[in-house]
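The block underneath contains the structure these notes are about, expressed in structure tokens.
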Amino acid sequence: MSKIQKILVPLDGSSNSMRGLDTAIDIAKGCNAEITGFYVFHLPLAAGVKYTQKMKDDAQKKAVKAIGPAMNKTQKSGATFKYKTGGGNTGSEISNFAQKGKFDLIVIGARGLGGAKEAFLGSTSNYVMHKTKVPVLIVK
């Protein structure tokens with residue numbers, strides 16, 4: 001088994017993503033790994049819809065709100081933290097970024113919906129778990 005050196009933690013500002021970060025911090029401290037927080041901007045769904053300046057500003061505020069506390073928490077713990085952003089479908093962006101960035105582990109907080117709701121509604125953590133080749137730890 002190879003040593004974990006790079007951990008990807010998807011962040012959206014929720015308590016679920018912060019639970020994932022807490023677990024990633026524990027793992028990172030144990031093996032001196034680097035944590036990368038990853039925030040995905042939601043782009044307009046309709047083709048041809050252009051991002052307005054207000055949409056860009058709102059998206060930037062959400063990213064700062066998600067990444068800022070995660071960065072502070074990680075740095076206070078003594079772990080190394082970097083961050084990146086992407087845009088598009090959350091699950092596919094996380095999966096693609098993890099593979100391209102050659103991460104050793106993805107630690108993602110889950111909403112913890114029941115089986116029927118999750119099957120019906122779908123789930124980012126479920127998508128990532130099934131679509132990436134990078135090991136995934138889902139934290140409930």
Side-chain angles (χ1 to χ4, degrees):
M1 179 176 220
S2 63
K3 183 178 177 198
I4 296 172
Q5 296 176 325
K6 292 176 65 177
I7 302 171
L8 179 63
V9 181
L11 299 169
D12 64 5
S14 70
S15 59
N16 301 318
S17 70
M18 293 305 277
R19 272 197 319 275
L21 178 66
D22 289 340
T23 299
I25 289 170
D26 289 342
I27 294 167
K29 286 172 32 178
C31 55
N32 200 27
E34 174 184 274
I35 295 172
T36 299
F38 187 58
Y39 180 85
V40 179
F41 292 98
H42 297 282
L43 300 176
L45 296 175
V49 174
K50 291 190 176 195
Y51 245 174
T52 65
Q53 189 59 47
K54 180 176 177 0
M55 290 168 80
K56 290 178 185 176
D57 292 344
D58 289 347
Q60 186 64 34
K61 286 178 189 172
K62 288 178 183 178
V64 168
K65 194 173 181 179
I67 293 169
M71 180 184 295
N72 291 337
K73 179 180 253 193
T74 306
Q75 290 174 340
K76 283 181 185 175
S77 77
T80 303
F81 183 87
K82 293 168 40 176
Y83 69 91
K84 296 287 183 180
T85 59
N89 175 280
T90 306
S92 62
E93 283 294 312
I94 293 166
S95 297
N96 292 336
F97 183 76
Q99 287 174 212
K100 287 178 185 170
K102 298 184 179 176
F103 285 88
D104 301 306
L105 179 66
I106 301 170
V107 180
I108 187 168
R111 289 180 28 201
L113 297 174
K117 285 183 184 176
E118 189 168 301
F120 185 73
L121 297 174
S123 161
T124 299
S125 57
N126 190 44
Y127 179 94
V128 171
M129 180 180 69
H130 286 93
K131 296 295 183 181
T132 187
K133 294 178 181 163
V134 176
V136 178
L137 174 61
I138 299 175
V139 179
K140 285 187 151 196

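Since the structure is predicted, the reported quantities are computational estimates derived from the model, not experimental observations.
When the side chains of ILVMFWY residues are joined at heavy-atom separations under 4.5 Å, either directly or via intervening members, I27 and I138 end up in two distinct hydrophobic clusters. I4 and I108 fall into different hydrophobic clusters, where Ile, Leu, Val, Met, Phe, Trp and Tyr side chains are chained together by heavy-atom contacts under 4.5 Å.
For D57 and K61, the salt-bridge test fails: no basic side-chain N is under 4.0 Å from an acidic carboxylate O. A salt bridge between D104 and K3 is absent, with no side-chain N of the basic residue lying under 4.0 Å from a carboxylate O of the acidic one.
Every residue meeting the side chain to side chain contact (heavy atoms under 4.5 Å, CB included) condition with A59, not counting sequence neighbours, appears here in chain and number order: F41, Y51. Considering only residues two or more places apart in sequence or on other chains, K102 meets the side chain to side chain contact (heavy atoms under 4.5 Å, CB included) condition with none of them. For the salt bridge (charged side-chain N to carboxylate O under 4.0 Å, His left out) test, no residue two or more places apart in sequence or in another chain qualifies with D26. When the side chain to side chain contact (heavy atoms under 4.5 Å, CB included) test is applied to K65, no partner is found at least two apart in sequence or on another chain. Partners of F97 according to the ring-ring contact (aromatic ring centres under 6.0 Å, His included) rule, which considers only residues two or more places apart in sequence or in another chain, are F38, F103.
Of the inter-residue distances, the one linking L137 atom CG with S125 atom OG reads 11.0 Å to the nearest 0.5 angstrom. From E34, atom CD reaches atom CG of L8 across 11.0 Å, with rounding to the nearest 0.5 Å. For the atom pair CD1 (I7) and CD1 (I25), the distance works out to 9.5 Å, reported to the nearest 0.5 Å. The OG atom of S95 lies 11.5 Å from the NE2 atom of H130; values are rounded to the nearest 0.5 Å. Taking CG of L105 as the reference point, atom NZ of K6 lies at 12.5 Å (rounded to 0.5 Å). The structure places CG of D58 at 11.0 Å from CD of Q60, a figure rounded to the nearest 0.5 Å.
In terms of heavy-atom proximity, S77 sits nearest to T74 at OG-O, 2.6 Å. In terms of heavy atoms, S17 sits closest to V9 at O-CG1, 4.4 Å. Contact detail for M129 and V136: the closest heavy-atom pair is CA-CG2, 4.0 Å. When all heavy atoms are compared, the tightest approach of K133 to Q99 is N-OE1, 3.0 Å. The shortest non-hydrogen separation linking R19 to V139 is O-CG1, 3.9 Å. Between L11 and A66 the shortest heavy-atom distance is CD1-O, 4.2 Å.
Under a cut-off of 6.0 angstrom, the local environment of NZ in K62 is sparse, with at most 12 non-hydrogen atoms contributed by other residues, nucleotides or ligands.
Annotation: side chain of I35 is in contact with side chain of L21 (closest heavy-atom distance under 4.5 Å).
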Checklist entry - Can T85 and I67 be said to form a side chain to side chain contact (heavy atoms under 4.5 Å, CB included), step by step? => result CA-CA 10 Å; T85 59; I67 293 169; 4.1 Å; yes
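Using modelled atom types, no side-chain atom of T132 and backbone atom of V128 make a donor-acceptor pair closer than 3.5 Å.
Here ring pair (Phe, Tyr, Trp, His ring centres under 6.0 Å) pairs that include residues 64-86, with residues two or more places apart or in two chains, number zero.
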